[in-house]
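Heads up, the thing below is written out as structure tokens.
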Amino acid sequence: MRIVVHDLRNWTHDRHRTVDDRPYGGGAGMVLKVEPVVEAVEALRGPKTRFLLLSPQGRRFGHEVAKELSLEEHLLFLCGRYEGFDERVRLILKPDEISIGDYVLTGGEVPALVVMDAVIRLIPGVLGDEESARENSFAQHLLDHPDYTRPASFRGFDVPPVLLSGDHERIRRWRRKEALRRTKGLRPDLLSKAFSSQEDLELLAELDAEAG
Ligand code: JCZ
């Protein structure tokens, strides 16, 4: 894998290497100029390039999009600053526009890093087997189960005894139940998307039966 950062100013033609200008119609802030952006992207994109633009107007980035992008040969991220781009950038380059969430950042670089990090960990062989097995968690629309490590007791807070039992089947079932508990409590919206096996339905019934 190779990560390359490009400077838009390399595709300017004036001696000040100008990439931004004032918006037609007036108003605060600056807009990225159409010529350097279009020329840069045309120079950098090839037949196998997936071209992405990070902005709050994009479709929402999540696990499904990350999986899709992890299969691509070449990703090209266009990161704006200031007020964003001359609209003709979108009309000419037809980017796949992506948002990492409903908040406004100062530029597209941080969103690009977020997308890159989420995508890179899904590329086969980038992380070890143990970590990639955890892909299952969000793939199944569930939050992770709680984890503990030594010591077995700290300030009166004990590790759940089942985790010390050595009974792998009981541990697996406990973890699944706790993942369901967390998801039900913190992100019920995810649970409604999750595939529920017969075991999940049993575990959810157990949670319902618990007091509190
Ligand atoms: C350029 N401001 C690019 C993207 N999800 C999200 N929030 N904020 C952005 C973003 C903000 C920007 C630019 C100027 C992306």
Side-chain angles (χ1 to χ4, degrees), residues 1-14 16-46 48-123 126-127 134-135 137-139 141-144 183 186-190 192-193:
M1 181 181 48
R2 221 163 47 102
I3 299 175
V4 184
V5 179
H6 300 278
D7 183 350
L8 265 187
R9 290 189 195 280
N10 293 338
W11 287 272
T12 54
H13 302 289
D14 65 311
H16 296 111
R17 309 222 291 167
T18 311
V19 293
D20 61 333
D21 204 344
R22 290 150 51 200
Y24 276 121
M30 299 290 269
V31 174
L32 285 159
K33 290 167 65 60
V34 64
E35 307 101 306
V37 173
V38 167
E39 287 179 30
V41 172
E42 284 176 350
L44 296 170
R45 93 158 142 193
K48 290 180 175 173
T49 301
R50 179 74 172 264
F51 172 50
L52 304 160
L53 190 157
L54 292 313
S55 97
Q57 287 120 241
R59 67 175 168 136
R60 175 64 67 85
F61 180 72
H63 180 71
E64 295 307 315
V65 179
K67 261 198 311 193
E68 192 187 308
L69 296 182
S70 72
L71 305 174
E72 297 282 355
E73 186 98 4
H74 180 211
L75 303 178
L76 181 61
F77 296 93
L78 180 56
C79 306
R81 278 267 148 181
Y82 320 113
E83 301 309 304
F85 301 94
D86 185 306
E87 186 61 18
R88 289 167 292 188
V89 166
R90 291 183 176 84
L91 298 173
I92 294 166
L93 296 172
K94 303 270 197 301
D96 188 351
E97 199 158 346
I98 283 181
S99 167
I100 62 162
D102 289 342
Y103 36 80
V104 180
L105 301 167
T106 57
E109 298 90 346
V110 168
L113 289 172
V114 168
V115 171
M116 286 165 64
D117 190 90
V119 169
I120 287 167
R121 66 177 288 283
L122 298 179
I123 298 171
V126 166
L127 299 179
R134 292 199 330 114
E135 211 255 290
S137 170
F138 244 100
H141 304 283
L142 286 182
L143 302 180
D144 283 329
T183 309
L186 300 171
R187 293 294 307 278
D189 58 306
L190 290 180
S192 60
K193 289 186 200 164

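Note that this is a predicted model, so its numbers are computed, not measured. Because only heavy atoms are used, hydrogens play no part in the values below, and waters and symmetry mates are left out as well, while side chains stay in. Each ligand, and each atom within it, is numbered from 1 in the order the structure gives.
- Between the side chain of Ser70 and the main chain of Ile123, no donor-acceptor pair closer than 3.5 Å is present.
- Counting heavy atoms from C-beta outward, Glu68 and Arg50 have side chains that approach closer than 4.5 Å.
- For the pair Thr18 and Asp20, the minimum side-chain heavy-atom distance is below 4.5 Å.
- With hydrogens and angles ignored, the 3.5 Å screen pairs a side-chain donor or acceptor of Ser99 with a backbone N or O of Gly101.
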Extract all N/O-N/O pairs under 3.5 Å that connect ligand 1 to the protein, and present each with both atom names and the distance rounded to 0.1 Å.
{"unit_1": "ligand 1", "atom_1": "2 (N)", "unit_2": "Leu105", "atom_2": "O", "d": "3.4"}
{"unit_1": "ligand 1", "atom_1": "5 (N)", "unit_2": "Ser99", "atom_2": "OG", "d": "3.3"}
{"unit_1": "ligand 1", "atom_1": "5 (N)", "unit_2": "Ile100", "atom_2": "N", "d": "3.2"}
{"unit_1": "ligand 1", "atom_1": "5 (N)", "unit_2": "Gly101", "atom_2": "O", "d": "3.2"}
{"unit_1": "ligand 1", "atom_1": "7 (N)", "unit_2": "Tyr103", "atom_2": "O", "d": "2.7"}
{"unit_1": "ligand 1", "atom_1": "8 (N)", "unit_2": "Tyr103", "atom_2": "O", "d": "3.4"}
{"unit_1": "ligand 1", "atom_1": "8 (N)", "unit_2": "Leu105", "atom_2": "N", "d": "3.1"}

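- The shortest distance between side-chain heavy atoms of Val37 and Leu53 does not fall below 4.5 Å.
- A distance-only check finds a donor-acceptor pair linking the side chain of Ser55 to the backbone of Gln57 [under 3.5 Å].
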